[in-house]
Amino acid sequence: MDLAQCAEVEKADFSLLTSPRAGEMLRLALSNRGRVHSWKVHHVHHRPGAGVSVGYSVLLTNHTDLYMLASTARVNETALAASGGATLTFENTRVHLWEYPFDPELPALDLASDAEQLGAFLDTDVNIELLSYRPTRRAVLRVETDDGEQIFAKVVRPAVQQELVHRIQALEDSPVPSLSLVRDSSGHLINARGLILTHAAAGVPLSQFYAQFEPRSSLTARAVLATIEQTLNDLPKTIMLFPRKPAWVDRCEHYAHAAGVAYPAGARRSAAVAETIRTLLAHADLGPIQPVHGDFYEANVLIDPVTLATTGVLDLDSLGPGHRVHDWACLLGHLAVLPSLAPTRYPYAETLCAQWFDELSRTVDPVALCASTAGVVLSLVAGARKRSESLAESRLTTAEEWAAAGMEILTESSRSQAIPLAPISHTLPGQATH
């Protein structure tokens with residue numbers, strides 16, 4: 001099945017699982033638990049080419065609250081049945097259903113979500129807060145022990161657990177401030193199948209600097225960027241041995257597909273952005289292969305709130321070989337969409353983004369940077385639609401603007417027969433000039 005066919009199938013699945021008809025599916029799946037009194041869609045997860053998953057808040061007539069998942073993704077049906085889940089063929093669509101936390105692909109989620117079980121496992125009383133959950137893929141929970149210590153529980157598919165542990169260990173032995181694995185008094189790792197435990201890192205998210213940034217503080221902006229760059233430069237060479245993972249821009253067609261499924265009004269424009277990105281990449285210099293983070297944005301970079309020095313780097317799943325420009329694009333792409341999320345909290349984010357773009361254009365090809373940033377923003381359109389159409393529209397427009405800025409630079413460089421690797425004055429998203 002090609003991408004266009006997948007898009008049509010997944011549009012239909014998306015529509016079915018988020019429509020009022022999903023209520024009948026839930027009633028069928030829960031018939032042995034009681035009658036469904038009410039339900040509502042809580043969250044939609046779409047992985048292009050891999051299926052649609054939807055989370056539902058469900059209330060039974062016996063006043064039981066449930067959180068149910070329905071997914072068209074491929075799952076281990078033996079594990080699904082063993083944990084009380086079921087597979088239904090609903091309106092010609094094969095759908096797997098389970099109750100949180102009994103995810104068939106994440107066997108440790110039950111342990112990590114249950115304070116009594118996890119407390120017994122750690123030999124201490126705990127409080128647990130779920131921070132994120134991507135059905136069949138991963139979950140992150142904050143755990144506070146009875147002595148006030150904070151640790152984080154990352155639940156992953158068992159097949160990828162050891163590789164992620166190795167990534168964390170690689171940074172533990174490097175100058176990069178990062179996570180440290182939880183160990184017992186003998187130095188042995190404390191973990192379970194599909195569960196990785198780490199100590200909390202110091203600092204606050206980089207977004208705190210974004211919130212306090214003012215245009216007059218350009219020197220501070222350059223200093224923070226230099227500190228971040230040093231953090232990337234300190235990534236150990238040993239991570240070049242890990243498998244290389246695709247950057248966001250490498251899968252731009254898939255994210256255009258996801259955007260079109262979630263936001264049909266922007267489907268053609270999303271596809272056009274992906275097409276422009278490919279044109280830009282064909283003429284771009286991505287630079288050498290070197291150690292990269294792979295998901296380098298403000299939530300995964302912790303800083304000291306006073307000195308603004310980097311104090312921690314999180315989410316190491318994509319750590320490995322790649323192009324540095326993609327890390328910078330991830331940073332800029334997420335920064336570029338913050339004003340649409342919280343304009344009063346980040347009043348000068350657009351100015352900071354433009355300043356950093358100019359600084360980064362001294363060391364990486366600006367055409368590559370625009371193309372990759374457009375790819376990152378495009379990957380965020382589908383998720384934005386879960387909040388509102390206007391937010392999806394804003395992100396799609398931002399992706400178009402980054403792609404257009406890249407084409408402008410490419411056109412100018414073709415006239416001069418050289419790509420300029422110096423600060424340039426071009427129209428970037430949210431900027432008339434800079």
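Here, residue 1 is the first one in the sequence, and each next residue gets the next number. A quick note: this is a predicted structure, and the numbers were derived from the prediction, not measured.
Arg183 and Glu172 are joined by a salt bridge, as a carboxylate oxygen and a charged side-chain nitrogen come within less than 4.0 angstrom of each other. For the pair Asp250 and Lys245, the salt-bridge criterion is not met [side-chain N within less than 4.0 Å of a carboxylate O].
Of the N and O atoms on the side chains of Thr231 and Thr310, at least one donor lies less than 3.5 Å from an acceptor on the other residue. For Glu149 and His199, the side-chain atoms include at least one donor-acceptor pair closer than 3.5 Å. A donor-acceptor contact under 3.5 angstrom links the side chains of Glu393 and Tyr263, judged on distance only. Side-chain contact, Asn233 with Glu229: no donor N or O sits under 3.5 Å from an acceptor N or O. For the residue pair His166/Gln162, the side-chain donor-acceptor check at 3.5 Å is satisfied.
Using a 30° and 60° split on the angle between ring planes, Tyr56 and Trp39 fall in the perpendicular class, above 60°. Note: His254 and His257 have tilted aromatic rings, judged against thresholds of 30 and 60 degrees for the angle between ring planes. By the 30° and 60° cut-offs, the orientation of the rings of Phe296 relative to Trp328 is perpendicular.
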Candidate pair Tyr100 and Tyr133, rule ring pair (Phe, Tyr, Trp, His ring centres under 6.0 Å), full reasoning: CA-CA 10 Å; Tyr100 178 88; Tyr133 171 45; 5.3 Å; yes

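The CD1 atom of Ile128 sits 6.5 Å away from the CG atom of Asp114 when rounded to the nearest 0.5 Å. Expressed to the nearest 0.5 Å, how far CG of Leu369 lies from CG of Leu286 amounts to 11.0 Å. Here NZ of Lys154 is found 7.5 Å from CD1 of Ile168. Values are rounded to the nearest 0.5 Å.
Partner of Val301 under the side-chain contact (heavy atoms from CB on, under 4.5 Å) criterion, out of Val224, Leu206, Thr311, Thr227: Leu206 alone.
A 6.0 Å sphere centred on CG of Asp123 holds no more than 12 heavy atoms belonging to other residues, nucleotides or ligands.
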